[in-house]
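A quick write-up on the structure given underneath.
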Amino acid sequence: MTPPTGLLTAPTAKTTKSNSCGCSSTNTATDLDEKTKARIEKHPCYSEEAHHHYARMHVAVAPACNIQCNYCNRKYDCANESRPGVVSELLTPEEAAHKVLVIAGKIPQMTVLGIAGPGDPLANPEKTFRTFELIAEKAPDIKLCLSTNGLMLPDYVDRIKQLNVDHVTITINMVDPEIGAKIYPWVHYRRKRYRGIEGVKILHEKQMEGLQALKEADILCKVNSVMIPGINDEHLVEVDEVIRAKGAFLHNIMPLISAPEHGTHFGLTGQRGPTPKELKALQDKCSGNMKMMRHCRQCRADAVGLLGEDRSQEFTKEKFMEMTPEYNLEQRQEVHAEIEKSKERIKAVKEQTKTAKKTANSPKILVAVATKGGGLVNQHFGHAKEFQVFEVDANEAKFVGHRKIDHYCQSGYGEAATLEHIIKAIADCKAVLVSKIGHCPQEELHKAGIQTVEAYDVIEKVASEFYAQYLQTQQGE
Ligand code: CLF
Ligand code: SF4
């Protein structure tokens, strides 16, 4: 990715009303020490700011799993770090290393290699660790990242530390085994299968031991929790307190995605997932002093690209095995230096935006943003596959989530049914901020009470400018 140029001279926002037809974390990093900032500044999951600029990739080298979650069908990727219903292409460690070197050359802003499935990486320790070894040897600037259910974590923290894996995620859905028994039917530990609460107690114990061991080893730990309404939604407040006390760095509460066609226990028994409003309310309740991740995209075990984009189909096994690795450390460092300069420019614009604001206790509104990354409003409405959602008041515009959508422009034509879904997905937003939008969708959005703003500029600046206009209009009414 080439960082955006002409950033500060770009046209300012223009609110449009038409009558004719024609994708937070509270991870601001301000309260972090310099060493920790440096550890997360290029990790798109651990830093909300980084996710606008840097990409991650996963390699699917770990097929086996040692527990059963009621939201998982083992025909598909691990649902603790992936969108349910997705199947990734399994790779050997050598194939995985080849793929990483190819992508490191083609997407130099890719800074993190994660292993997150398709099963549990620590149920496949040799494949997982061999992959990390190969990458550490050949591409030393790439950060290594691991996601696990935690069952085998205490056994492997030393090895993880030795391999310089600095970021580990544990999925912790409960700290009360009675609740866990409604989520996990069995656990397979040291060659024995434990059913019901007996197994859950082992899992809970190992997750807590693992969390403690990561803290002692000074490895940054993120905790993922799947929010399951009626089962662990209220309990996750307690989970948040426990993991915070035990030293977790970041908490990522993800919505249960449950559909009968996924063939999971929850899908087949009609267990629903939370609405975006319920999810945000829980995230807000848990945020406190804890870093709360709100930009997770529940990506696949072979994901490639910025978190909001999926480039995995450009790098299928058939394709990447034909490509020659062009890993070039110097070129990567140059690209990263440009990105850092761009981040500085954006930061300066944000600061300017902040000092201009004076109002206290102002009402909060949501706006939807179409962005290709770089911290800018820079995507055409019709090309967006997700909208990032920002909460805006007189003091700040803050990232609070994203809404996945089908993109409106299919083969150059807008789809009426798709537009209806898009409007539904962002119905709670007062405006959509885009680089460009056609008259037809614009008119429909306006009818639904959603204003459209065309701009190419820093997201927070455009959002704040819209907010000022919006307030004026409200006061005039
Ligand atoms: Fe991958 Fe996970 Fe590492 Fe990130 S993902 S192993 S921490 S590099 Fe990120 Fe994807 Fe969410 Fe995971 S957006 S599912 S949190
Ligand atoms: Fe599925 Fe992951 Fe749970 Fe294993 S840990 S059962 S792969 S969701």
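If you read the sequence from its start, that first residue is 1, and numbering goes on from there. Since the structure is predicted, the reported quantities are computational estimates derived from the model, not experimental observations. First listed ligand is number 1; within each ligand, the first listed atom is number 1.
Around atom 6 (S) of ligand 1, the closest heavy atom drawn from H43, R56, H58 belongs to H58. Nearest to atom 1 (Fe) of ligand 2 by heavy atom, out of A301, G150, C72, A123, is C72.
Of all atoms in ligand 2, numbered sequentially from 1 with element shown, those under 4.0 Å from a heavy atom of I67 are 4 (Fe), 5 (S), 6 (S). For ligand 1, the atoms closer than 4.0 angstrom to any heavy atom of C45 are 4 (Fe), 5 (S), 7 (S), 9 (Fe), 13 (S), 15 (S). For ligand 1 and V112, the ligand atoms under 4.0 Å from any heavy atom of the residue are 8 (S). Within the listing of ligand 1, atoms 5 (S), 10 (Fe), 13 (S), 14 (S) sit less than 4.0 angstrom from a heavy atom of C299. Here is the list of ligand 1 atoms found below 4.0 Å of a heavy atom in K222: 7 (S), 15 (S). Within ligand 1, counting atoms from 1 as listed, the ones closer than 4.0 Å to a heavy atom of C296 are 11 (Fe), 13 (S), 14 (S), 15 (S). Per-residue contacts place C145 under 4.0 angstrom from the following atoms of ligand 1 (heavy atoms of the residue considered): 3 (Fe), 6 (S), 7 (S), 8 (S). Here is the list of ligand 1 atoms found below 4.0 Å of a heavy atom in L307: 13 (S). Listed by number with element, the atoms of ligand 1 under 4.0 Å from a non-hydrogen atom of R297 are 11 (Fe), 13 (S).
Using bins of under 30°, 30° to 60° and over 60° for the plane-to-plane angle, the ring pair Y54/H336 lands in the perpendicular bin. F399 and H51 have perpendicular rings, their planes meeting at more than 60° on a 0 to 90° scale where under 30° would count as parallel.
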Could you go through D155 and R190, starting from their C-alpha distance and side-chain angles, then the distance that decides it, and tell me whether this counts as salt bridge (charged side-chain N to carboxylate O under 4.0 Å, His left out)? CA-CA 11 Å; D155 288 33; R190 301 216 190 283; 3.0 Å; yes
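By the 4.0 Å N-to-carboxylate-O rule, K317 lies too far from E89 to be salt-bridged with it.
Atom 1 (Fe) of ligand 2 has no N, O or S atom of C69 inside 2.8 Å of it.
Residue H51 places no heavy atom under 4.0 Å from ligand 1.
In D120, neither the side chain nor the backbone holds a heavy atom less than 4.0 Å from any atom of ligand 2. The part of Q298 lying near ligand 1 is the backbone, judged by heavy-atom distances below 4.0 Å.
Applying the ring-ring contact (aromatic ring centres under 6.0 Å, His included) criterion to F129, with sequence neighbours excluded, gives Y156. For the ring-ring contact (aromatic ring centres under 6.0 Å, His included) test, no residue two or more places apart in sequence or in another chain qualifies with H235.
Looking at N224 and M254, their side chains come closer than 4.5 Å, going by heavy atoms from C-beta outward. Looking only at side-chain heavy atoms (C-beta outward), L282 and E278 stay at 4.5 Å or farther from each other.
Taken from SG in C296 to CD in E48, the straight-line distance is 13.0 Å, to the nearest 0.5 Å.
The only option from N70, N149, N173 that meets the side chain to side chain donor-acceptor pair (under 3.5 Å) definition with Y184 turns out to be N173.
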